[in-house]
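A short write-up of the structure that comes next.
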Amino acid sequence: MSQAVVLGALFDRRNFMSLGGPVLIVMVLAMMVLPLPPFLLDVLFTFNIAVSILVLLVAVNTRQPLEFAVFPTVLLVTTLLRLSLNIASTRVVLLEGHTGPDAAGKVIEAFGHFLVGGNYTVGVTVFIIMVVINFVVITKGAGRIAEVTARFTLDAMPGKQMAIDADLNAGLIGEDEARKRRANIAQEADFYGSMDGASKFVRGDAIAGILILIINILGGLIVGVAQHDLDFSAAGRLYTLLAIGDGLVAQIPALVISTAAGLVVSRVGTDQDISEQFVGQMLGSPQPLVLTAGIIVIMGLIPGMPNLAFLSLAAIILGMAWMLKQRIVREAQAPAAPAEAPAAPAESTDVSWDDVVPVDVLALEVGYRLIPMVDRAQDGELLKRIKAIRKKFAQEAGFLSPAVHIRDNLELRPNAYRILLKGVEVGRGDAHPAMMLAINPGRVTAEIQGLRTQDPAFSLPAVWIDLDQRDNAQNLGYTVVDTATVIATHLHHLMQKHCAELLGRQEVQELMERLSKDSPKLVEDTIPKAVPVGVLQKVLQNLLDESVPVRDTRSIVEALAEHAGRTQDPSELTQVVRVALGRSIVQTLFPGTQEMTVIALDPALERLLMQAVGSGDAAAIEPALAESLSGQAKASADEQEAVGLPPVLLVPAPLRLLLSRFLRRSVPALRVLSHSEVPDSKGIRVSAVLGAR
């Protein structure tokens, strides 16, 4: 039983495949030192030709270069196989060549006699031409393409890696997909680098073929004349034909594999193989075929030309053009056929509500040069970014924003775009797809040449630069982003700024439906029995207006259920909800710290404002006091931001709503908190006092 298990393990398919490579290499090396009979040489030469044809067909049918990533290794092994066969056949030719033209096997004899008619002059000429084609044309071109592609692939690796990291951080792809893409990028660079080196094998093989031919001829003359007493003419003819047959039987497979190498490195990777690309692109339009046929007809009518050959070929090309034209017409008519039947009563159709185009909640319009960035057929990069933005916005704000409707607008400048909210423009900018935006964060060491502009999202000074200036700009301290990121960041900034307007009745209903799955009794008792949906929507919008996310819908609805019996005023309900969310609000502003650094009010100013609120005339603040308060608040907020702290104003609860509305326009970055919203576990440190100076 144990012997059977051992034998089964030895002949396991995976073990057998893993042994295939080492066994093949050992056999190839053995051919260099072990004498081979003519019959075995015939088998190996035939195998060499079959392998070269197989490699060519595999190269033709690959869609991406990495599908044939083992090709550089195959190139090395086949080159080593040909050289080993040359050594083995040379040994047989020199030892047994005097016995006749079949001394080295039938394959060499066939290539030496039938292919060149037994004429060694013709054979030498054909051999030299094949070597020139292989060495000068195919191998040199393929090697140059591989060298340039390897260089550009290596240069593009950092950008591709950053793009993968950006997609991963945006949530477009998972960790497994990112790891797979990184591996593909590394394999692509390794592949073209290996192809650049492997092309030297083929070049060296061509040079070795010429030297082996000369050595075989000279060695054959010496052996035939000196050892076998043949006259010089007979020895030259016999050994030259054998050497030519040996050279041709090696160079033809070498030429085939060189062609395969050129196909692999020169093609542009698509979802089609070479045959599909050729037919689809070369024979995709009838006009070039018709013009070609016309030129062939004119040449065929010239006296002395082979008229039958030219005119016959022109007729075949015209037939192909006619069939292609008919196919295009059929494809164009096919989808239109079903629509003809119901089109009869179109004249009597009246205007309907279908003719009223609803206003999109959120829309992005682009100029015609930006269309490829949003074209799904061209895998537009901006579409992926917008999807990631909506996902990120949903995680931040707590609800899913309406879809962004994208359309082109020929009235815009070619590189312009604009963002609309409910049909009204809320932002616009210019973008250059073939350039990158270098943003000055305020710490650049030198200026960079380019198109001066401003970052559309945050109005920072920026420069549009060429792609090859990216590294230089980063070294100078600029933050460099691509065009899709510029537009996406602008869109995300405006969505955050107007998030309250993006929360409609439908979004509120969906929030409640999601909450009802976890807390059905809470929703049933509160919405809409105690709190109408309209009041709930206004409370949520008030929270979003002050940058408070509505992710914790359970706490929000519980707070409303507790206080809805006392008041239905959305502003008052918003204040009690903020108290319920106080821990979350403070945690967002001061994450991981036990002490809050805030701005406070001078006691005298605080008493004055409390009197205004208590009298019910909160709007009647003296203009000079209002201007001074606004200026001090802005200066204090700027000082807080300068030291890396969030600008937060801490006030008594009755003043929070008043000051929040008053300072929202003049100091939009300032957050106003009430004392009741601060958890007991948080310490408070006052960094500035408004009204003290």
Side-chain angles (χ1 to χ4, degrees), residues 13-36 40-62 64-91 105 107-108 111 130-131 134-135 138-143 145-147 150 187-212 246-266:
R13 181 174 179 269
R14 288 176 297 179
N15 292 335
F16 181 77
M17 292 180 63
S18 63
L19 290 175
V23 170
L24 179 61
I25 298 298
V26 171
M27 291 179 61
V28 169
L29 296 176
M31 286 190 293
M32 295 184 181
V33 295
L34 298 178
L36 300 178
L40 188 56
L41 278 178
D42 290 341
V43 173
L44 293 174
F45 278 125
T46 306
F47 173 75
N48 187 28
I49 296 173
V51 168
S52 64
I53 295 173
L54 175 63
V55 170
L56 177 63
L57 294 179
V58 171
V60 168
N61 287 279
T62 54
Q64 300 290 339
L66 287 183
E67 292 181 10
F68 201 9
V70 75
F71 186 73
T73 305
V74 170
L75 205 58
L76 171 60
V77 173
T78 53
T79 301
L80 187 59
L81 175 61
R82 286 194 303 273
L83 294 175
S84 299
L85 287 174
N86 283 136
I87 295 174
S89 60
T90 297
R91 183 188 299 110
V107 174
I108 291 179
F111 276 82
M130 291 181 63
V131 170
N134 189 9
F135 179 68
I138 300 177
T139 304
K140 187 174 182 180
I145 292 175
E147 178 185 356
Q187 289 177 2
E188 186 178 12
D190 292 342
F191 173 78
Y192 285 110
S194 299
M195 283 300 301
D196 182 27
S199 62
K200 308 299 190 296
F201 298 147
V202 183
R203 184 180 307 176
D205 182 36
I207 298 174
I210 298 175
L211 297 178
I212 291 172
D246 184 24
L248 290 176
V249 80
Q251 281 303 312
I252 290 178
L255 182 61
V256 172
I257 290 183
S258 299
T259 304
L263 291 174
V264 169
V265 299
S266 63

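Partner of Ile53 under the side-chain contact (heavy atoms from CB on, under 4.5 Å) criterion, out of Val51, Leu56, Leu57: Leu57 alone.
The two atoms that bring Val256 and Ser52 nearest to each other are CG1-O, 3.3 Å, heavy atoms only.
One distance of note links CG of Leu80 with CG of Leu85; it measures 9.5 Å at 0.5 Å rounding.
In this view, Val43 and Phe39 satisfy the side-chain contact (heavy atoms from CB on, under 4.5 Å) rule, not counting sequence neighbours.
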